[in-house]
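A short write-up of the structure that comes next.
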Amino acid sequence: MSDVNDVLAGLDPEQREVAEAVRGPVCVLAGAGTGKTRAITHRIAHAVRSGVVDAPSVLAVTFTTRAAGELRQRLRALGAPGVQARTFHAAALRQLTYFWPRVIGGEAPSVIESKLPVLVEACRRIRKNPDRSELRDIAAEVEWAKVTQIGPEDYVAAAGKHHRTPPVPADQVAVLYEAYEQIRRERHLVDFETILELTAAVMTEHQEVATQIRRQYRYFVVDEYQDVNPLQKLLLDTWLGGRDDLCVVGDPNQTIYSFTGATPRYLTGFAVEHPDAAVIQLVRDYRSTPQVVDLANLVIAKGRSPHRLRLVAQRPDGPRPVFHDYDDEPAEAAGVARAIRKLLDRGVASREIAILFRTNSQSEAYESALAKAEIPYVLRGAERFFERPEVRQAVVLLRGAARSASGEPLASEVHHILAGVGLTPQPPGGGKAREKWESLKALADLAEDMAAEGAELPEFVTELERRASEQHAPPVEGVTLASLHAAKGLEWDAVFLVGLTDGMIPIIYAETPEQIEEERRLLYVGITRAREHLSLSWALARSPGGRKSRRPSRFLDGLTGRASAPPRAASATRERRQVAAPVSCRVCAKTLSAAAEQKLGRCATCPADYDEALLESLKAWRSATAKEAKVPPYVVFTDVTLQAIAERVPVSEQELLSIAGIGRVKVDRYGEAVLGLCRSAGG
């Protein structure tokens, strides 16, 4: 690139605004498919190439090794190769390891990838014997406690306050947590959370360390900021040391990891923490068709969050999303397999198709249905590509062959080596053998692509090692099976969202309003993974012949074009016309009978989540309005109505009218003032 302005070429107006905001603080609210990575990499490159900052002084932080690798790759292409792009843990470990001998002394601690071995030893010490699945859940509880800075002594109270559902009684988790920490310290081990904690502590306690790190890194960019947890925020603030050259990027609509300790409040409250921040919204969706975008907008608009982005589709029209109900789960899996076969016959590549579900336990039926239909598939969230035994074996053989050049063309040499570990001209039928074959075939395809560019075996091996370090796997041919959580950040031409029943999404143990809303966002994430084809389905019964008692997810109410419950008899229909339509609790779905509950839209006993500042503002406004009109305050609005407004935060007349007891007269008289207060509260 010959000119600084070349970096800005091809950006849309909002992306260009991000790229030109080269000094912080900057908050980028970036919706799904809006090109956030493009915007922030061009911003960094523009800042470097225009001389605002030196490349080595930039630290771009993200959440996965692959995302960090993609940032580095794009920045190299944009002429900013010296920028540091790392995960929180990788950046902290690098600093901790470097300074450990100087400020602590001795050998740096060893890093444990998994808490399970240490927890097994902790269980032995306290004579407990949980099963493997319980251990995984206990490990998740320990991780949550550590990232939220909760010690073993405070775990029981905190778990109750945050509605945690540990696999064993909370007091047992606390005992195991204490034993885990004791063993970890005895054996000179650090887990990922301790790495962040110690790095922040070393900087806080040793001013010379803080000075050196802050002199090195002056310019920070944090991606996926809605997923930051309190411990990561502590480290980030320590890195910054009161400076504000910080750009954060995130999407409040895609906050789906609160159960791990992540919180969106750092993103949504960024402008409060930094009053002079530039806040830029990216809402032009380049990924999905208008039909997919419309459905995503409808799903998220029915939620309660005041912080939501409405996407604007940029692609041409495509097919409408389709909704299917099936008699039972095997029928649903078979129906999805038939639909995928039709897409494959029309030329859609299998790697561009995904089946997404709420829990990993749902995958078995789809594995069976795809295998029966002889459709290759890949399980995401299982082993990482470069950790698969066949891939590790192949890389070792390829590395050995690269040391002695044979002169054979790259593609044929790689095919010859891979044939020795199981690559055949034709794929096997299915199952593990097919998965192994697809892995080897992906390596062979990558070799063919690089051979076309003139590469030889040593260059191919170097590329594999780079990809392994960045977890950048080559595309594997096969339909992707993944949980909705594992699918975040990915996209496909065709997506099948399956098992969409109440009790599965929202999951049955989602009880609080916050948990219900997170489940809604999870469905939104699933919808926005689709570029063109989108299917949503559910089964009315678990097994063939079973009672068809399931209902489609409440998040689909009014969107499917069909009734969400079985049709009533004619007499029941006549009876229903004589009474008001039932109102369901938005938290637990129970039918509400009391007038106050109907107005609130929830049971009196269900937990409420509302903006306390907004409620106080509404009460102050009501008091002044009533005084001016010389009427009692309840004549303007009752306390229950104000509570309902504070909980729902309406931003339009239609939303205000949807609150029971608020009619056209009240809206005409007070609507403008009330909506003004709500919009101010929503930011």
(request) Kindly indicate, with the supporting measurements, whether the criterion side chain to side chain contact (heavy atoms under 4.5 Å, CB included) is fulfilled by Ile355 and Thr480. (result) CA-CA 6 Å; Ile355 301 173; Thr480 299; over 6 Å; no
Look at [X] together with [Y] and state whether they make a salt bridge at an N to O cut-off of under 4.0 Å.
{"X": "Glu273", "Y": "Lys233", "answer": "yes"}
{"X": "Arg550", "Y": "Asp502", "answer": "no"}
{"X": "Arg310", "Y": "Asp285", "answer": "no"}
{"X": "Arg43", "Y": "Glu20", "answer": "no"}
{"X": "Glu532", "Y": "Arg287", "answer": "no"}
{"X": "Lys36", "Y": "Asp223", "answer": "yes"}

Where is the tightest heavy-atom contact between [X] and [Y], given as atom of each residue plus distance?
{"X": "Gln232", "Y": "Asp227", "result": "OE1-O, 3.8 Å"}
{"X": "Val26", "Y": "Ile280", "result": "CG1-CD1, 4.3 Å"}
{"X": "Thr268", "Y": "Pro252", "result": "CG2-CB, 4.3 Å"}
{"X": "Leu267", "Y": "Gly250", "result": "CD2-C, 3.7 Å"}
{"X": "Tyr326", "Y": "Ala331", "result": "CD2-O, 3.5 Å"}

Give a yes or no on whether the backbone of [Y] and the side-chain of [X] come within a donor-acceptor separation of less than 3.5 Å.
{"X": "Glu332", "Y": "Gly499", "result": "yes"}
{"X": "Arg529", "Y": "Leu490", "result": "yes"}
{"X": "Glu653", "Y": "Gly671", "result": "no"}
{"X": "Glu647", "Y": "Ala644", "result": "no"}
{"X": "Thr528", "Y": "Tyr524", "result": "yes"}
{"X": "Thr512", "Y": "Gln515", "result": "yes"}
{"X": "Arg547", "Y": "Ala541", "result": "no"}
{"X": "Arg679", "Y": "Val651", "result": "yes"}
{"X": "Arg520", "Y": "Val299", "result": "yes"}
{"X": "Gln291", "Y": "Gly318", "result": "yes"}

If you define the side chain from C-beta out and look only at heavy atoms, does anything of [X] sit under 4.5 Å from [Y]?
{"X": "Cys678", "Y": "Pro650", "result": "yes"}
{"X": "Arg380", "Y": "Leu481", "result": "no"}
{"X": "Ile645", "Y": "Leu618", "result": "yes"}
{"X": "Pro544", "Y": "Asp327", "result": "no"}
{"X": "His42", "Y": "Leu8", "result": "no"}
{"X": "Thr263", "Y": "Asn229", "result": "no"}
{"X": "Val249", "Y": "Val222", "result": "no"}
{"X": "Arg554", "Y": "Pro506", "result": "yes"}

(request) Evaluate the side chain to side chain contact (heavy atoms under 4.5 Å, CB included) criterion for residues Leu556 and Leu523: first the C-alpha distance (whole Å), next the side-chain angles of each, then the deciding distance (0.1 Å), finally the verdict. (result) CA-CA 10 Å; Leu556 300 179; Leu523 177 60; 4.1 Å; yes
(request) Look at the aromatic rings of Phe357 and Tyr366 and report parallel, tilted or perpendicular, splitting at 30° and 60°. (result) parallel
(message) Which label fits Phe270 and Tyr225: parallel for a plane angle under 30°, tilted from 30 to 60°, or perpendicular past 60°?
(response) perpendicular
(request) Decide side chain to side chain contact (heavy atoms under 4.5 Å, CB included) for Asp328 and Leu540; before the verdict, give the C-alpha distance in whole Å, the side-chain angles of both, and the deciding distance to 0.1 Å. (result) CA-CA 6 Å; Asp328 49 67; Leu540 302 176; over 6 Å; no
(request) For a side-chain hydrogen bond (donor to acceptor under 3.5 Å, both in side chains) with Glu70, tell me which candidate from Arg66, Arg74, Gln73 qualifies. (result) Arg74
(message) Given Arg531, which partner from the list Val292, Thr289, Asp493 fulfils the side-chain contact (heavy atoms from CB on, under 4.5 Å) test?
(response) Asp493
(message) Is it the case that the side chains of Asp12 and Tyr286 hold a donor-acceptor pair, with the cut-off being a distance below 3.5 Å and no angle test?
(response) yes
(message) For the residue pair Glu224 / Gln226, report whether a side-chain donor-acceptor contact shorter than 3.5 Å exists.
(response) yes
(message) Is the distance between the ring centroids of Phe259 and His485 under 6.0 Å?
(response) yes
(request) Report yes if the distance between the aromatic ring centroids of Phe496 and His533 is under 6.0 Å, otherwise no. (result) no
(request) Please lay out, stage by stage, how Arg284 and Glu14 fare under the test salt bridge (Lys or Arg N to Asp or Glu O under 4.0 Å). (result) CA-CA 9 Å; Arg284 299 177 196 244; Glu14 294 78 26; 2.6 Å; yes
(message) Does Arg351, at its CZ atom, have more than 12 non-hydrogen atoms belonging to other residues, nucleotides or ligands within less than 6.0 Å?
(response) no
(message) Would you say CZ of Arg341 has more than 12 non-hydrogen atoms from neighbouring residues, nucleotides or ligands within 6.0 angstrom?
(response) yes
(message) Let me confirm one number: the CD1-CD distance from Ile256 to Gln254, rounded to the nearest 0.5 Å.
(response) 7.5 Å
(request) Evaluate the criterion ring-ring contact (aromatic ring centres under 6.0 Å, His included) for residue pair Trp538 and His324; output intermediate values, then yes/no. (result) CA-CA 7 Å; Trp538 57 93; His324 291 290; 8.6 Å; no
(message) Using side chain to side chain contact (heavy atoms under 4.5 Å, CB included), reason through Thr359 and Ile507 one step at a time and then give a plain yes or no.
(response) CA-CA 9 Å; Thr359 67; Ile507 199 75; 4.0 Å; yes
